[in-house]
Number of protein chains: 2
Amino acid sequence: MSKRTEKTIVDIAEELKLSVSTVSRALNDNPNISARTKDKVKKMARKLGYRPNALAAGLRNNKSKTIGLIVPRISMFFPAAISTIIQNKLQEHGYNLIICQSNDSYEQEVALVNTLYSARVDGLVVSTTLYTTDFSHFDVFRDNHIPLVFFDRVPKDYNVKVIKGDDYLGGFTATSHLIERGCRDIVHISGPLTCNLYLERVAGYKSALQQHKLPFRKSRIFYQELTRDNAWQTCEKIFAQKPYPDGIFASNDTTAITIMEYCRKINLRVPEDLKIVGYSNDPRTEIVTPPITSVDQYPAMMGERVVAALMELVTSRQTGAPRYSQEIIPIQLIARESSAGATKPVTKKK
Amino acid sequence: MSKRTEKTIVDIAEELKLSVSTVSRALNDNPNISARTKDKVKKMARKLGYRPNALAAGLRNNKSKTIGLIVPRISMFFPAAISTIIQNKLQEHGYNLIICQSNDSYEQEVALVNTLYSARVDGLVVSTTLYTTDFSHFDVFRDNHIPLVFFDRVPKDYNVKVIKGDDYLGGFTATSHLIERGCRDIVHISGPLTCNLYLERVAGYKSALQQHKLPFRKSRIFYQELTRDNAWQTCEKIFAQKPYPDGIFASNDTTAITIMEYCRKINLRVPEDLKIVGYSNDPRTEIVTPPITSVDQYPAMMGERVVAALMELVTSRQTGAPRYSQEIIPIQLIARESSAGATKPVTKKK
DNA sequence: TAAAGTAATGCAAACGTTTGCAAAATACAA
DNA sequence: TTGTATTTTGCAAACGTTTGCATTACTTTA
């Protein structure tokens with residue numbers, strides 16, 4: 001019985017003795033409807049409390065004015081920051097955003113891709129799971145030429161639009177920074193190598209060591225999901241026996257912060273005894289004591305580029321515009337107290 | 001040309017020489033379709049790469065299996081935590097979630113409510129803007145009996161389902177705690193009173209003072225948007241002249257953290273010279289030095305209750321189930337170092 | 001005043017589902 | 001076998017829009 005109040009353009013048409021097509025056109029500001037009619041229609045629409053039905057319009061037009069977004073989790077700084085930007089930018093373009101979290105589960109990601117396809121989103125933005133190595137669940141989008149953009153955690157060997165940070169340079173810069181500040185035995189705590197961006201940071205780390213003629217040792221690098229618990233456990237391993245490292249480059253800030261807490265517990269001074277660099281420039285790095293050096297990834301810029309790329313794809317759905325390409329967002333090292341110390345000459349060996 | 005690949009149930013029907021109705025029923029596991037037919041249909045659906053069109057189904061059924069969520073911003077701890085819970089819970093119920101941010105702008109909130117209505121969401125969950133005092137933009141939902149649930153920042157005098165924290169008790173507990181730890185001159189930094197929950201916390205603050213026979217002074221309470229910048233400025237005001245307060249109860253953790261940083265800058269010892277209590281139990285309170293006492297609001301519980309309430313409303317759309325009621329989620333004070341100190345007897349005056 | 005041109009409106013089909021009701025096919029009983 | 005009950009399937013309308021094409025209503029010009 002409650003449904004009696006839902007007005008449609010048919011109601012407007014009847015009320016005004018016009019045809020539905022005229023009403024539809026009037027509401028959409030079609031140029032060949034007279035100004036007077038438009039006015040009448042809009043007034044009546046307001047009077048009746050008419051609300052357009054996006055489902056019906058979407059069905060007819062084959063577009064929903066909705067974009068899907070899949071991120072690992074919304075509670076982590078970097079994806080949250082990007083989601084915010086994307087949401088606000090898309091709003092300006094008149095698009096809605098369906099934000100979904102995969103919780104870093106491959107199965108959930110697959111399920112989400114399918115429901116978002118069913119929802120007939122006009123485009124999909126994804127930062128993949130840590131463990132996504134098979135990308136065939138995105139085929140529906142790619143093969144149907146529905147705009148598809150990946151950011152940050154992006155696929156390897158899958159032709160698609162990609163916007164990522166400069167992770168190689170990030171790893172290289174972070175490590176070089178530690179070396180320049182005097183570190184000679186640097187541990188790297190990395191995410192799992194199934195995720196491409198960690199691979200690149202590791203490559204940057206290695207390359208920095210090499211360039212400064214420092215030995216690379218497999219035992220000085222750890223691969224793990226970068227959670228607080230794992231960080232703590234790894235610290236226990238690292239500091240179970242001497243010699244202690246004099247620097248740690250952690251591939252996220254949660255890990256870096258946890259390392260610092262561990263150091264406090266075992267009375268290791270940061271930065272005097274151990275220097276730490278994190279990744280992402282999470283605001284938390286600034287409020288801990290001492291503040292932690294980190295690698296900024298310019299989330300705002302990345303978010304804006306994602307939306308720009310998406311809108312390009314959306315508007316050029318059938319033109320021959322290239323559906324894939326890779327864009328690299330720069331990084332910047334933000335030096336803070338956790339890696340302070342005299343910049344030492346780096347060419348001479350210890 | 002790309003559209004040629006989009007299969008529909010009509011294609012399945014033709015392929016199988018069945019009617020579309022049979023195919024539809026088969027896919028929906030309707031009981032009076034034979035098992036053999038169901039099997040055939042599902043096989044063919046898979047073979048053709050059929051994907052249901054949620055828009056069409058939604059139009060026909062007058063439901064979209066989608067819920068809308070409006071929060072001030074997704075990058076703040078509390079709304080982010082709740083959103084995560086809500087999203088994951090809804091997924092279990094087979095619902096999609098459209099997360100939107102109002103950025104604490106009333107105009108944006110109004111706009112979002114309208115587009116979400118147009119999108120024909122099956123329900124709406126809202127934590128309002130700081131400045132929302134007129135709630136008439138929600139009338140469309142309320143009057144059409146579309147499930148509508150508010151949490152945390154909830155309306156006043158607007159009959160609707162509400163799930164909120166125990167803000168009065170939170171304010172009371174936080175203040176009492178400071179008093180018990182020896183504070184006699186307690187500043188309260190509150191959010192704007194347009195938002196109901198701050199009003200209640202203020203009431204709790206006052207009542208605690210009164211109960212311990214401490215004077216309430218208007219000059220010791222500040223109303224502001226609880227940002228980092230505002231917190232810093234307020235600190236400058238507070239510490240521009242003596243006597244300094246010996247305790248501050250801040251209505252969010254960002255403010256509490258900023259106060260602590262300010263204290264470090266002016267060499268005021270926390271907790272010896274000044275004790276601090278925040279609100280929300282943001283994980284950041286735990287990693288700063290010293291860790292900050294805060295009031296936990298049980299976001300997980302609140303999120304779960306929100307979804308439960310929503311699902312109740314959704315499933316009992318036309319039964320006479322009450323569309324409004326208020327639920328209070330408990331709070332708990334988490335005492336940390338920022339308010340440490342001997343528990344002093346509180347009855348005797350200074 | 002009629003012809004021709006332009007502006008404004010209407011008709012009807014289509015988008016992809018679901019579902020009440022009718023019809024057909026099968027099973028069961030006599 | 002025939003009739004009846006039961007299971008399975010099909011027909012067609014409906015959901016609320018949009019849009020190509022046809023039609024009608026106005027202007028303008030000669």
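Just so it is clear, the model here is predicted, and its values are computed rather than measured. Chain letters run A, B, ... following the sequence lines, proteins first, then strands; residues in each count from 1.
Interatomic distance, CD1 of A/I82 versus CZ of A/F77, reported as 9.0 Å (0.5 Å rounding).
Rounding to whole angstrom units, CD1 of residue A/I12 and C1' of C/dT9 are separated by 16 Å. Between the P atom of C/dG16 and the CD atom of B/E6 lies a distance of 8 Å, rounded to the nearest Å. One atom, NZ of A/K65, and another, P of D/dT18, lie 13 Å apart when rounded to the nearest Å. Atom CG in B/N28 sits roughly 13 Å away from atom C1' in C/dG16 (whole-Å rounding). At whole-Å resolution of the value, CG in A/D29 and P in D/dT18 are 12 Å apart. As a whole-Å value, the separation of A/K38 NZ from C/dT9 P is 10 Å. The separation between B/D11 atom CG and C/dG16 atom P is 9 Å, rounded to whole Å. Note: CD1 (B/I9) to C1' (C/dT19) measures 12 Å, nearest angstrom.
Checking the phosphate oxygens (OP1, OP2) of D/dT9, a side-chain nitrogen or oxygen of B/S34 falls inside 4.0 Å. A close approach under 4.0 Å does not occur between any side-chain nitrogen or oxygen of A/N32 and OP1 or OP2 of C/dT9. OP1 and OP2 of D/dT9 both lie 4.0 Å or more from every side-chain N or O belonging to B/T22.
Checking C/dT9, D/dT17, C/dT18 against the side-chain heavy atoms of A/A57 singles out D/dT17 as nearest. Of the candidates D/dT18, C/dG10, C/dT18, D/dT18 carries the atom nearest the A/S24 side chain, counting heavy atoms from C-beta on. When distances run from any side-chain atom of A/T37 to the nucleotides C/dT9, D/dC11, C/dT18, the shortest one goes to C/dT9. Here the side chain of B/R25 is nearest to one of D/dT17, C/dG10, C/dG20, namely C/dG20.
Shortest non-hydrogen contact noted between B/C195 and B/R153 is SG-CD, 3.7 Å. Here the shortest heavy-atom pairing between A/P52 and B/S118 reads O-OG, 3.1 Å. Nearest heavy-atom pair across A/H137 and A/D134 is CE1-O, 3.1 Å. Minimum heavy-atom separation, A/L97 to A/S83: CD2-O, 4.3 Å.
If you check every strand for non-hydrogen atoms under 4.0 Å, A/R120 touches nothing. Residue-level contact check: A/L55 touches neither bases nor backbone, having no heavy atom under 4.0 Å from any strand. Backbone-only contact: A/K17 has heavy atoms under 4.0 Å from sugar-phosphate atoms and none from a base. Residue contacts for A/R36: at a heavy-atom cut-off of 4.0 Å it reaches no nucleic acid atom on any strand shown.
With B/Y50 as the aromatic partner, B/K7 does not meet the cation-pi criteria of under 6.0 angstrom to the ring centre and within 45 degrees of the ring axis.
The distance between the ring centers of B/Y158 and B/Y324 does not fall below 6.0 angstrom.
The side chain to side chain contact (heavy atoms under 4.5 Å, CB included) test with B/P155 singles out one residue from B/T133, B/V160, B/V126, and that residue is B/V160.
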Protein-nucleotides 12-15 of chain C N/O pairs under 3.5 Å:
from: C/dA14; atom 1: N3; to: A/R60; atom 2: NH1; distance (Å): 3.3
from: C/dC15; atom 1: O2; to: A/R60; atom 2: N; distance (Å): 3.3

